[in-house]
Amino acid sequence: MSTITTISQLADYVGQSVTLHGWVLRNTPKGKLVFVTLRDGTGYCQCVVERGEGTEAFFDEAKHLPQESSIEVTGTVAADERAIGGHELRVGSLKTIQAAVEYPITPKPHGIEFLMKQRHLWFRSQRQYVILRIRATIVDAIRRYFNDNGFILIDTPIFAPAAGEGTSTLFEVEYFGEPVYLAQTGQLYVETACMAHRKVYCFGPTFRAEKSKTRRHLTEFWMVEPEIAFASLDDVIDLAEDMTCSLIERVLKDHRADLEFLGRDIAKLERIQKPFHRISYSEVADILRGPQARELLEKELADKTAEVEELNKKIEELTETAKTARKKWQQEKAAQEEQAARERRNELEEEITNIPRHMELSANFEWGSDLGGSDETIISRLHERPVFVHRYPKEVKAFYMRVDRRDGRVVENFDMLAPEGVGEIIGGSAREEDYDILISRIREEGLPQEPYEWYLDLRRYGSVPHGGFGLGVERTVAWLCGLKHLRETIPFPRMMGKIYP
RNA sequence: UCCCCGAUAGCUCAAUUGGUAGAGCGAGCGGCUGUUAACCGCUAGGUUUUAGGUUCGAGUCCUAAUCGGGGAGCCA
């Protein structure tokens, strides 16, 4: 009699007979042996079928099992160092649940266009599996952080009658004949709840119709937005700092092996400790124009140029190896490495051509304009810990941000830039609590007052200093996992012009 | 919206100055008792994205469209 179990539990059943259900990751027949690597959602297990007594009935079936077929397999668990995970199953019986036909994703490399079209199947690949598990942990850690610290979850609407902020392009949908918009932020709504519950947060999808085709943008992404009453800008920044540290701690605790699998430099995450840097926008402007930024870019230019030269040498060597290696697999390996090196080189060359432009942008940075992507990257690269850039010129920020009483040119806002050039993860602010100032800000921005009457009520009835921020879940996942592109951080990425599957 | 790059077998890529379109993987068949993306042999698989143009001749050159990648702007 065998016990039904999962691969993650195998260590408890050494020497016993168990039944596993799963999918064929790969199948390599080897004469009188067949090695079926099974994945069951909890791990990977090598199942060995040996031709001989008792296996005649299914040996041929096992030998021809296509990749990703679903099977039920029963056998004896054995500890074996040669097997993935240290245990293998010596198969006593095997049943095909469904035989797959030509699974499109092979163990060889694929292009991103192809994989995105196969997103529904790509889920099964180990890298995607790991990333989405880390995402789930990050989401759980966020919820836990707020729930354990006295915050109340408030779900804000997805259909919104007006823009939450002036700037972004929104998705317009028809709502019983009226044009409304998909929410680009829950913030204004969560502020109302803040005046009832004191500490609140909303967590949901957010929609932006910007026609951005970059690795840092999605049209649909998830954002968590806490809001706290009786709070100053510093209180809000403290909250963002504390929450970020707790997320990292949790991911390091639960996913060390996964991060290693992804090739993440864990030491860099371990260095993320309080206190983070706090620099004002005006100081940032000086840094951008000063020698520090220039030297950083000059060094990057030199480093990248040197790396390109190294790659060129490597490519030449690999080309030679690919032609002359004795074994066919050695030739193939060299060819693949060569291709990877070429891709890396092309990427570097593009970055190199961008550097002079970034130097110019940085050197000519004028107080009053918003920080560009390259400016953020510079500030981010100059620090090992996240940087809070605070107090931007009010002209480039939303109307609801609190005007700094000591310097009326700026508002009490902040962006948190993650290190390693990752850039903005969090944007937040103290909210303008003064009715008259808020009204004048609405007018300055040329916004109609009428749709904001309910919001203005919050300032008419017991207005208090308060503030909050928004954290982008996908950007956080990308940062912690060390991913270059947001498209792998969300189950079904929505990008400009892309909706399938 | 703007700038740069790309599209060849199911997949990843080759194809010299314009001259008969190839390999590996995957698929199918066979062999091998320890494989892990990595053994050996055989088989099938193509309107070179689309529409024009130049040319004796176009995968290769030109124009446009479509789709994709990267970046700018804007942002989380």
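This one's a predicted model, so the numbers in the text were calculated from it and none came from an experiment. Just so we're on the same page: letters track the sequence lines, and every chain starts at 1.
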### Euclidean distance for P, rC61(B) against rG18(B) (whole angstrom)
8 Å

OP1, OP2 of rC29(B) versus side-chain N and O of His64(A): anything below 4.0 Å? yes

Regarding the side chain of Arg208(A), the nearest nucleotide among rU35(B), rC25(B), rC75(B) is rC75(B)

- request: Classify the nucleic acid contact of Leu33(A) as base, sugar-phosphate or nothing, counting any heavy atom under 4.0 Å across all strands shown.
  value: base

Glu50(A) has its side chain closest, among rU12(B), rU35(B), rU33(B), to rU33(B)

Strictly below 4.0 Å: does Lys108(A) bring a side-chain N or O up to OP1 or OP2 of rA37(B)?
no

Note: contacts of residues 469-478 of chain A with RNA chain B (heavy atom, under 4.0 Å) are Gly470(A), Arg475(A)

Between Thr219(A) and Glu210(A) the two heavy atoms that sit nearest each other are CG2-O, 4.5 Å

Donor-acceptor pairs are to be reported for all side-chain atoms of residues 111-119 of chain A against protein atoms at under 3.5 Å, with residues two or more places apart or in another chain.
{"residue": "Arg119(A)", "atom": "NE", "partner": "Pro491(A)", "partner atom": "O", "Å": "2.6"}
{"residue": "Arg119(A)", "atom": "NH1", "partner": "Gln128(A)", "partner atom": "OE1", "Å": "2.8"}
{"residue": "Arg119(A)", "atom": "NH2", "partner": "Ile490(A)", "partner atom": "O", "Å": "2.8"}
{"residue": "Arg119(A)", "atom": "NH2", "partner": "Pro491(A)", "partner atom": "O", "Å": "3.3"}

* Asked: Under 4.0 Å between a Lys/Arg side-chain N and an Asp/Glu carboxylate O for Arg264(A) and Glu420(A)?
  -> yes

| query | Gln46(A) near the nucleic acid: base, sugar-phosphate alone, or nothing, with a heavy-atom cut-off under 4.0 Å? | reply | base

- Tell whether Glu88(A) reaches the base of rG34(B) with its side chain through a donor-acceptor pair below 3.5 angstrom. yes

| said: So for His217(A) and rC75(B), does any side-chain atom that can act as donor or acceptor lie under 3.5 Å from a complementary atom in the base? | reply: yes

Sorted by chain and number, sequence neighbours left out, ring pair (Phe, Tyr, Trp, His ring centres under 6.0 Å) with Phe146(A) holds for Phe151(A), Tyr201(A)

Problem - Parallel, tilted or perpendicular: ring planes of Phe207(A) versus Phe171(A), cut at 30 and 60 degrees - result: perpendicular

Asn354(A) atom CG is separated from rG71(B) atom P, nearest whole Å, by 9 Å

- Item | Distance, C1' atom - from rC25(B) to rG45(B), rounded to whole angstrom | 13 Å

Gln126(A) CD to rU36(B) C1', in whole Å, measures 12 Å

Note to self: Give me the distance, rounded to whole Å, that separates rA65(B) from rC3(B) when you measure between the P atoms they each carry.
What the structure shows: 12 Å

With rounding to whole Å, what would you report as the distance between rG26(B) and rU36(B) at their P atoms? 12 Å

Under-4.0 Å side-chain N/O to phosphate OP1/OP2 contact, Arg215(A) with rG71(B): yes

Closest of rA37(B), rU35(B), rC25(B) to the Arg26(A) side chain is rA37(B)

Which of rA76(B), rG73(B), rU35(B) is nearest the side chain of Thr214(A)? It is rG73(B)

Quick note, Glu102(A) side chain, CB onward, closest among rC32(B), rA27(B), rC74(B) is rA27(B)

For the C1' atoms, the ones on rG59(B) and on rA7(B), what distance do you get once it is rounded to whole angstrom? 11 Å

### Query
So what does Phe221(A) hit on the nucleic acid, given a heavy-atom distance under 4.0 Å: a base, only sugar-phosphate, or nothing?
base

Over 12 non-hydrogen atoms of neighbours within 6.0 angstrom of CD in Glu81(A): no

For Asp370(A), answer base if it contacts any base atom (sugar-phosphate contacts may also be present), sugar-phosphate if it contacts only those atoms, and nothing otherwise; contact means non-hydrogen atoms under 4.0 Å. sugar-phosphate

Under 4.0 angstrom, heavy atoms only, what part of the nucleic acid is Arg216(A) near: base, sugar-phosphate, or nothing? base

For Arg487(A), the salt bridge (charged side-chain N to carboxylate O under 4.0 Å, His left out) test, sequence neighbours excluded, returns none

The ring pair (Phe, Tyr, Trp, His ring centres under 6.0 Å) partners of Tyr455(A) (sequence neighbours excluded) come to none

Requested in this report: Give a yes or no answer on whether the side chain of Ser429(A) reaches the backbone of Asn413(A) with a donor-acceptor pair at less than 3.5 Å.
Outcome: no

Listed pairs, N/O of protein and of nucleotides 65-69 of chain B, under 3.5 Å:
{"residue": "rG68(B)", "atom": "O2'", "partner": "Glu113(A)", "partner atom": "OE1", "Å": "3.4"}
{"residue": "rG69(B)", "atom": "OP1", "partner": "Lys498(A)", "partner atom": "NZ", "Å": "2.4"}

Asp375(A) meets the side chain to side chain donor-acceptor pair (under 3.5 Å) criterion, sequence neighbours left out, with none

- [ ] Take atom C1' in rG73(B) and the same atom in rC13(B), then report the distance between them in whole Å.
- [x] 35 Å

Check residues 357-364 of chain A and write down every donor-acceptor pair under 3.5 Å in which the side-chain atom is one partner and the other belongs to a residue at least two apart or another chain.
{"residue": "Ser362(A)", "atom": "OG", "partner": "Leu288(A)", "partner atom": "O", "Å": "2.6"}
{"residue": "Asn364(A)", "atom": "ND2", "partner": "Glu360(A)", "partner atom": "O", "Å": "3.2"}

Discussion item. Using atom C1' in both nucleotides, what's the gap between rG69(B) and rC62(B) to the nearest angstrom?
Written reply: 24 Å

note: Glu225(A), atom CD; rC75(B), atom C1'; distance rounded to Å ~ 13 Å

Hits for ring pair (Phe, Tyr, Trp, His ring centres under 6.0 Å) against Phe388(A), two or more places apart or cross-chain, chain-then-number order -> Phe276(A), Phe414(A)

**Request:** Please work out if Lys63(A) contacts a base, only the sugar-phosphate, or nothing of the nucleic acid, heavy-atom cut-off 4.0 Å.
**Result:** sugar-phosphate

Rounded to whole Å, CD1 of Ile355(A) lies from C1' of rG70(B) at a distance of 16 Å

Remember a base hit wins even if backbone is also touched, and classify Pro29(A) as base, sugar-phosphate or nothing at under 4.0 Å, heavy atoms. base

Spacing of the C1' atoms in rU48(B) and rU60(B) (rounded, Å)
10 Å

Taken to the nearest whole Å, CD/Gln67(A) to P/rA27(B) is 7 Å

